[in-house]
Amino acid sequence: MRSKQKILDATLGLIAEGGFEDVTIAAAARAAGVTRQTVYSIFSTREDMISEAMVGLVVGFMGEIGEKADRAETASDFVVETIVAARDLLRRQPVLNTLLRSGTANPLFDPDVMDRAEPVVRQFLDGYIERHPEFDPTQFDGVEAMFTRNALSVILFDDQTIHDDDGLRAYLRRWLVPLLPFG
């Protein structure tokens, strides 16, 4: 288990230093002080290694995002504030900030990004349901995909109208909230 964490930490270090293009199995092994065979015994592909490292990092920041989103008074505001807080964190955190760079190795452009992102989004939604037992949890059924697609679009396609937090809130309240089953 120690080797796995060393490899994940090394992967995050490589991403922070040079972006996703610099991450290879050999580079991660060198940075972690293990052999390539050790890396391959834990991760079947480079993409799996990067994905697990990034998901682990995001899950580690879920509390910070949740604290900001929990100030919301309604479920709709919770969704809006979660996206705003996630974008803020993405801009501030060096490893996550690499997701804002284009490139063929960026995992946001992997064909299975939705499969990897939706379970993380589900954890946010489940956290809201746990903290608000009066909320009907069936209202969040199927919202993960819409939430994920909207969050990814505002991260990837930034412009002047949504560049600051208030602009993003206004955009989400106008275009996303009316589509939510509880909006």
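Since the structure is predicted, the reported quantities are computational estimates derived from the model, not experimental observations.
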Might you confirm whether atom CZ of Arg36 has over 12 heavy atoms from other residues, nucleotides or ligands at distances under 6.0 Å? no

Locate the shortest heavy-atom distance separating Ala145 from Met114; write the atom from each residue and the value. O-CE, 3.7 Å

Between the main-chain N or O of Gly167 and the side-chain N or O of Asp164, is there a donor-acceptor pair closer than 3.5 Å? yes

Sequence neighbours excluded, which residues qualify as side-chain contact (heavy atoms from CB on, under 4.5 Å) partners of Ala53? Leu8, Thr11, Leu12

What are the two closest heavy atoms between Leu89 and Phe61, and how far apart are they? CD2-CB, 3.2 Å

Do we see a donor-acceptor contact under 3.5 Å between the side chains of Thr35 and Thr38? yes

Approximate separation, where rounding is to 0.5 Å, of Leu90 CG and Ile83 CD1: 12.5 Å

Do the side chains of Arg169 and Asp166 get close enough for a salt bridge, i.e. N-O under 4.0 angstrom? yes

On a heavy-atom basis, the closest approach of Arg46 and Phe20 is NH2-O, 2.6 Å

Inter-residue atom distance Leu176.CG - Met146.CE, 0.5 Å rounding: 6.0 Å

Assess the residue pair Val79 and Thr82 against the criterion (side chain to side chain contact (heavy atoms under 4.5 Å, CB included)); give the C-alpha distance rounded to whole Å, side-chain angles, the decisive distance to 0.1 Å, and a yes or no. CA-CA 5 Å; Val79 170; Thr82 298; 5.8 Å; no

Pair Ile155, Asp158 - check side chain to side chain contact (heavy atoms under 4.5 Å, CB included), show working. CA-CA 6 Å; Ile155 289 165; Asp158 194 13; over 6 Å; no

Sidechain N-carboxylate O distance under 4.0 Å for Arg92, Glu64: yes

Minimum side-chain heavy-atom gap Val84-Lys68 below 4.5 Å: no

Interatomic spacing from CG in Leu172 to CG in Asp165 - rounded to 0.5 Å: 10.5 Å

What's the shortest heavy-atom distance between Ala10 and Ala32, and which atoms? CB-N, 3.7 Å

Could you list the residues that satisfy salt bridge (charged side-chain N to carboxylate O under 4.0 Å, His left out) with Asp9, not counting sequence neighbours? none

Scanning both residues in full, the closest heavy-atom pair of Phe78 with Ala72 reads N-CB, 3.3 Å

If I take atom OG1 from residue Thr148 and atom CD from residue Glu118, how far apart are they, to the nearest 0.5 angstrom? 5.0 Å

dist Asp70:CG -> His132:NE2 (nearest 0.5 Å) comes out at 5.5 Å

Could you walk me through whether Val80 and Arg173 pass the side chain to side chain contact (heavy atoms under 4.5 Å, CB included) check? CA-CA 7 Å; Val80 168; Arg173 287 186 180 122; 4.1 Å; yes

If only atom types and distance count, is the side chain of Tyr171 paired as donor or acceptor with the main-chain N or O of Thr161 below 3.5 Å? no

Apply side chain to side chain contact (heavy atoms under 4.5 Å, CB included) to the pair Arg71 and Glu81, showing each step before the final yes or no. CA-CA 8 Å; Arg71 297 180 192 138; Glu81 293 305 320; over 6 Å; no

Of all the heavy-atom pairs spanning Ala29 and Val39, show the shortest one and how long it is. CB-CG2, 3.7 Å

CZ/Arg122 to CG/Asp141 distance, rounded to the nearest 0.5 angstrom? 6.5 Å

Any heavy-atom pair between the side chains of Met49 and Val23 that's under 4.5 Å? yes

For the side chain of Arg91 and the backbone of Asn97, is there at least one donor-acceptor N/O pair under 3.5 Å apart? no

